[in-house]
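Quick notes on the structure that follows.
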Number of protein chains: 2
Amino acid sequence: MTIKKGRDYVIGIDFGSDSVRALVVDAADGEPLGTAVSAYRRWAKGMYCDPKANRFRQHPLDYVESLEECVVAALSNAGAGAASRVRGITVDTTGSTPCLADEAGSPLALRPEFSDDPDAMFMLWKDHTSVRQAERINAVARTWGGEDYTKYIGGVYSSEWFWAKALHLVESGAKAARAAATVIEHCDWMPALLTGVTRASDIRRGRCAMGHKAMWHPSWGGYPSAAFFDRLDPRLSELAASLGTETYTAEEAAGGLCPEWAERLGLSTDVVVGVGAFDAHIGSVGGDIAPGTLVKIMGTSTCDIMIGPEPPAGAPERLVAGICGQVDGSVVRGTIGYEAGQSAFGDCFAWLRHILAWPARAGLLGADVDPGAFEERILPALEAEAAAIDPARSGVVALDWLNGRRTPDADQGLTGAIAGLSLGTDAPSLYRALIEAAAFGSRAIVERMRSEGLPVDRVVGIGGVARKSPLVMQITADVLGMDIAVSSSDQSCALGGAMFAACVAGLYPSALDAQASMRAPIERTYSPEPGRRAVYDALYAKYKALGAFAEKEMRK
Amino acid sequence: MTIKKGRDYVIGIDFGSDSVRALVVDAADGEPLGTAVSAYRRWAKGMYCDPKANRFRQHPLDYVESLEECVVAALSNAGAGAASRVRGITVDTTGSTPCLADEAGSPLALRPEFSDDPDAMFMLWKDHTSVRQAERINAVARTWGGEDYTKYIGGVYSSEWFWAKALHLVESGAKAARAAATVIEHCDWMPALLTGVTRASDIRRGRCAMGHKAMWHPSWGGYPSAAFFDRLDPRLSELAASLGTETYTAEEAAGGLCPEWAERLGLSTDVVVGVGAFDAHIGSVGGDIAPGTLVKIMGTSTCDIMIGPEPPAGAPERLVAGICGQVDGSVVRGTIGYEAGQSAFGDCFAWLRHILAWPARAGLLGADVDPGAFEERILPALEAEAAAIDPARSGVVALDWLNGRRTPDADQGLTGAIAGLSLGTDAPSLYRALIEAAAFGSRAIVERMRSEGLPVDRVVGIGGVARKSPLVMQITADVLGMDIAVSSSDQSCALGGAMFAACVAGLYPSALDAQASMRAPIERTYSPEPGRRAVYDALYAKYKALGAFAEKEMRK
């Protein structure tokens, strides 16, 4: 199938934690034509959040306003006539980021009576108010006597996920929880909004979000049973029933652009809107995913995405132990999508930056030094010195579990550590040890995937850290003993969204076909330095020993 | 015995790492009358040192010039007529700080041909050029088939000590090593100089230095045998033979002040000069030592001094396992002096300060911030915030072996660690964990002394940290579960020297009698906070577990 250049455009829309980006590309070859970013206004002011209580809520109007703003601007940047060539739109978002909604499938905070109620807003992925509810879900899953509904999500339900958050609102007696008709994930609401859904039951729930975060699986006919949810709270049962039993992959259409949004965006109602999915999964397609390729989305944390073959017809699905989740079609149709990740990656380095910036925040530098600008200078300076340190000689070994461990074997109660310290250990040595620790965390995931029968032949890095820190990427390549390719696109998620949009618009038969034509070139490949292998093997053994100690002795 | 106030003065002279202090006191009650400090001039310029190679040498002229300067100034400060009332002088020094010397007992660097040769100068205690030689001494001691000469020094000969340093000079083929007639410890040379010794064989070697650092012990008739030294190097045998077989306690006189030095200092030749000893041992007497009292000299590292009863006549001396050394009379006559210590105490905190000051040194603060002044502000600010942290909630546990472990069970190959880290761990939490780690290191020593049959009923803290950091002292008291008394004197070593000087001048029958009259009052006592015991017991268990991990996995 050949698509004529300059004829068909598609839009990928990537909702991040702080802002949303729209990217208009040519569906023929993925050439970027126009892009724009819009920051969430209420969120930027810190509204509805309480960081000390780990409460992070986002108002649906932030999404609505920023969506319109960035799409209109991106189309404008793409030049005259661009809007008339747009054929498809696909949205990806963070997740799990759910919200209580009404019978129309509309977030409750859009109603006047709930417009200032944080419990009627989206609960951002990093909202950790639901720790106790996750513990209850895990306890019930292990003891209720029926199906183990956690078997496809690595055996542990997280406090960051859909049902834990819904249960938290129910249990806390929130007024919104009593008024709600359903719960909706951010990536499912945006397509519902754009396609003009007016009944909650018409929402097309995405396979990716529901499979990875809401325990949806065909083997038990959809979501966990009412009997299971009743054990947690009968109200949760009612909300669960509202979701139906079907889910849809991102290669399927949610519908056509509704007249209201066609007008707001200046587009035709012929534009097809795809089913939504999470940023990491959509981004992995933008980042060259293929069977055997691990795509690492490297930011404050990492999401590590793989795809693998479906089991032969009639054969049971092979479970990969200790990985976040595995869902047939969560990335692309006809393959199992596997999700793993590291709870702290860039955050390990940000932690050291935060330590080193303490004197500035404590006012020890005097009024002439701007703490923010000062803090920005720290990591580049550390990187320059850390690059010169010989890993065979520093002796410092760190553990990257500063925010618990996502995979392998999720355990939020774990903590980080730094060992091998001497009076001569300086800040660049600590920085290098933290980089090595993050790389060792990556290696532990790769080793687990391999030992569970998932071959990892190639690694692609996307995201902020992949493009900003050559030292981090080189050390990760050295530690993995593998080439790591970095895409030339600094917007792999939005590009992936555009690929899916081209697919749902019927321009390509599948997302991987769209990827083949629209992919961004690899900008740089980091190859392992010969001679570093033995050094890092020895340090990795120490990392594992330090981890075993921390697992046994240093739980929160 | 009553001494009339205002009649008899004594001088304690305390040679530190950077400077020497003279203190003139009234022998009747220890009242300080005049004091002065003189910094070593060549040392202050960094001459003869190579910190990267851990080479720290001090020119004997630094000692000579600073000695004269501070004594003259202290006497001047003590007022008219003070000099004529001086009866005794005692010197303490750092150690082991040995130097190659000629037939006259004079350091070789005082000869023109060696005046710029670092190998002909004193090797400061922290000079670590002799690591391999210490390993050889330990290997020979364990395998040569004769007496285990390390049995009274905890089983491990240190690279910081007398014979390791002498052997290093011999093995390296230093010209000075070929020219030398003997080796002299700093604390033995100062009395030899002041008493006008002109033959090496006339030097009165101190029991303290030779017993703790040169393997002198009466049970084998003095120093190790020629057969033992021959195994190391025949040249070392020759140097060892020059030391004779006798040693003298600091309660014995080295001799009378010689005419030359009487004139230089403006004193009478009737002044008695005591045998010298190490600062910690002399300082412990200035710091209220008594049987059952542990005196901790708390600075960058600690020296922990105890005294205990001699064994009954004919009974063998009880060995305290894992302590630096035990020497009959090394502190005061008629008791066994025990020395232990922590390789890094204040240095643990200085390490964190150094980490936090890295951006300043790296030039990230701009020209307006003076790095030195900035660094000085860090610890006081950290202390204020760390004091407010609840130790039951921080979760951070550190290991104080940043400079190896001195006691219990000396092991310079060990390293420090920090565990229990999360993204919320801030600089004050790290600081508090390091303080707690230093306190846990103190507890490990106290527990070892008790388990080896040495009762510890009371703790006295002297030195810079004891007087400067109430938080460190409070946490140490909490962790030990014991009161810690802090002396009002900020010059306990020089005061201890004055007590010994009063003893050798015949004003008191013993140093402890001098102490009873001349002691400085206790300024403050830190008592354990009720309710902290269980918390610190639990954290101490984690400290021990972290230590066991580091011993097994994280050796240098």
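Residue numbers begin at 1 in each chain, while the letters A, B, ... track the order of the sequences.
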Most chain A-contacting option - heavy-atom pairs closer than 4.5 Å, from B/Val397, B/Leu365, B/Leu414, B/Ile378: B/Leu365
Hey, what's the ring geometry for B/Trp401 with B/Tyr543, parallel, tilted or perpendicular (30° and 60° as the breaks)? perpendicular
Which bit of B/Ala545 comes within less than 4.5 Å of chain A, counting heavy atoms only: side chain, backbone, both or neither? both
For each of A/Asp426, A/Val396, A/Leu382, tally heavy-atom pairs with chain B at distances under 4.5 Å, and name the one with the top tally. A/Leu382
Taking every heavy atom of B/Ser301 against every heavy atom of B/Ser343, the minimum-distance pair comes out as CB-O, 3.4 Å
Select one option (side chain, backbone, both, neither) describing which atoms of B/Leu399 are under 4.5 Å from chain A's heavy atoms. neither
Ranking A/Ala398, A/Ala357, A/Pro428, A/Gly404 by heavy-atom pairs under 4.5 Å to chain B gives rank one to A/Pro428
Lys/Arg N to Asp/Glu carboxylate O, A/Asp390 vs A/Arg432, below 4.0 Å: no
Engaged part of B/Leu546 at the chain A interface, taking heavy atoms whose separation is under 4.5 Å: both
Hey, what's the ring geometry for B/Trp161 with B/Tyr157, parallel, tilted or perpendicular (30° and 60° as the breaks)? perpendicular
Check whether A/Leu430 gets within reach of chain B through its side chain, its backbone, both or neither, counting any heavy atom under 4.5 Å. side chain
For the pair A/Phe345 and A/Phe349, name the ring-plane relationship: parallel under 30°, tilted 30 to 60°, perpendicular over 60°. perpendicular
I need the B/Ser130 OG to B/Glu160 CD distance, nearest 0.5 Å. 10.0 Å
Against chain B, work out which of A/Ala384, A/Gly395, A/Pro359 has the most heavy-atom pairs shorter than 4.5 Å and name it. A/Pro359
Tell me, side chain or backbone of B/Ser429 under 4.5 Å from chain A's heavy atoms, or both, or neither? neither
Looking only at A/Thr425, A/Leu402, A/Thr415, most heavy-atom pairs under 4.5 Å shared with chain B are made by A/Leu402
Closest non-hydrogen atom pair between B/Trp43 and B/Phe56, with its separation: CH2-CD2, 3.9 Å
Could you tell me which of A/Met554, A/Arg555, A/Lys552, A/His354 has the largest number of non-hydrogen atom pairs under 4.5 Å with chain B? A/Met554
Considering all heavy atoms, the nearest B/Gln58-B/Leu124 contact: OE1-CD1, 3.3 Å
